[in-house]
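Here the structure is laid out as structure tokens; the discussion comes afterwards.
Hydrogens, waters and symmetry mates play no part in the numbers below; they use all other heavy atoms, side chains included. We count residues from 1, following the sequence as given.
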Amino acid sequence: MHTYEVLRRPILTEKSNFQADALNTYTFEVDTRANRIQVAQAVEKIFDVTVLRVNVINVRGKRRRFGRFYSQSPEWKKAIVTLKAGDSISFFEGV
């Protein structure tokens with residue numbers, strides 16, 4: 001898998017912004033086939049930082065109702081990346 005295919009998008013919520021400021025951890029949506037080693041290598045290569053730890057979470061799809069019909073939202077994978085003290089990712093700043 002190519003490096004830029006591993007990371008899909010950053011997750012920008014109140015909780016992830018707090019974690020980025022206080023705990024130096026950043027949250028990304030990643031490809032469902034990616035493992036924690038690929039995620040760490042992708043973050044280090046793209047953002048030029050040092051990764052200490054990667055936690056990967058499989059998010060299950062939820063059952064939704066559209067009128068009288070039911071549908072399933074897609075399943076996806078989330079990665080929480082902890083960086084070395086002093087490193088930061090710039091597009092998370094000031095959000």
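Contact check for Q41 versus V39: no side-chain heavy atoms found under the 4.5 Å cut-off. Put simply, the side chain of V43 reaches to within 4.5 Å of the side chain of L7, judged on heavy atoms. Looking only at side-chain heavy atoms (C-beta outward), E75 and T32 stay at 4.5 Å or farther from each other. Using a 4.5 Å cut-off on side-chain heavy atoms (C-beta onward), L52 and L83 make no contact. Considering only heavy atoms from C-beta on, I80 stays 4.5 Å or farther from V54 through its side chain. Put simply, the side chain of K78 reaches to within 4.5 Å of the side chain of T27, judged on heavy atoms.
Remark: side-chain polar atoms of N55 are not paired, donor with acceptor, to backbone N or O of V81 under 3.5 angstrom. The backbone N or O of G67 lies less than 3.5 Å from a partner atom in the side chain of R65, making a donor-acceptor pair. Remark: the backbone N or O of G61 is paired with a side-chain donor or acceptor of Q72 at under 3.5 angstrom.
Contact record, V49 with E44: O-CG, 3.2 Å, taken as the closest heavy-atom pair. Closest heavy-atom contact between A34 and V6: CB-CG1, 3.8 Å. The two residues A79 and V30 make their nearest non-hydrogen contact at CB-CG1, 3.8 Å.
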Test log, rule side chain to side chain contact (heavy atoms under 4.5 Å, CB included), inputs N17 and L12: CA-CA 7 Å; N17 289 337; L12 299 175; 4.2 Å; yes

Worked verdict on K77 versus D31 for salt bridge (charged side-chain N to carboxylate O under 4.0 Å, His left out): CA-CA 7 Å; K77 190 178 272 192; D31 192 274; over 6 Å; no

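Note that the CH2 atom of W76 and the CG atom of N58 stand 10.5 Å from one another [nearest 0.5 Å]. K62 contributes atom NZ, which lies 7.0 Å from atom OG of S73 (distance to the nearest 0.5 angstrom). Going from atom CG of D48 over to atom CD1 of I89 covers 11.0 Å, rounded to the nearest 0.5 Å. One finds the CG atom of D21 at 10.0 Å from the OG atom of S88 (value rounded to the nearest 0.5 Å). Between the OH atom in Y26 and the CD atom in Q19 there is a gap of 11.0 Å [rounded to 0.5 Å].
Cluster membership for L23 and F47, using ILVMFWY side-chain heavy atoms within less than 4.5 angstrom, is not shared. Cluster annotation: V56 and I46 are assigned to the same hydrophobic cluster (Ile/Leu/Val/Met/Phe/Trp/Tyr, side-chain heavy-atom contacts under 4.5 Å, transitive). When hydrophobic clusters are built by joining Ile, Leu, Val, Met, Phe, Trp and Tyr residues whose side-chain heavy atoms come closer than 4.5 Å, directly or via intermediates, Y4 is grouped together with F28.
Around CD of E14, the count of heavy atoms belonging to other residues, nucleotides or ligands within 6.0 Å does not exceed 12.
Salt bridge annotation for E29-R9: present, with a cationic side-chain nitrogen under 4.0 angstrom from a carboxylate oxygen.
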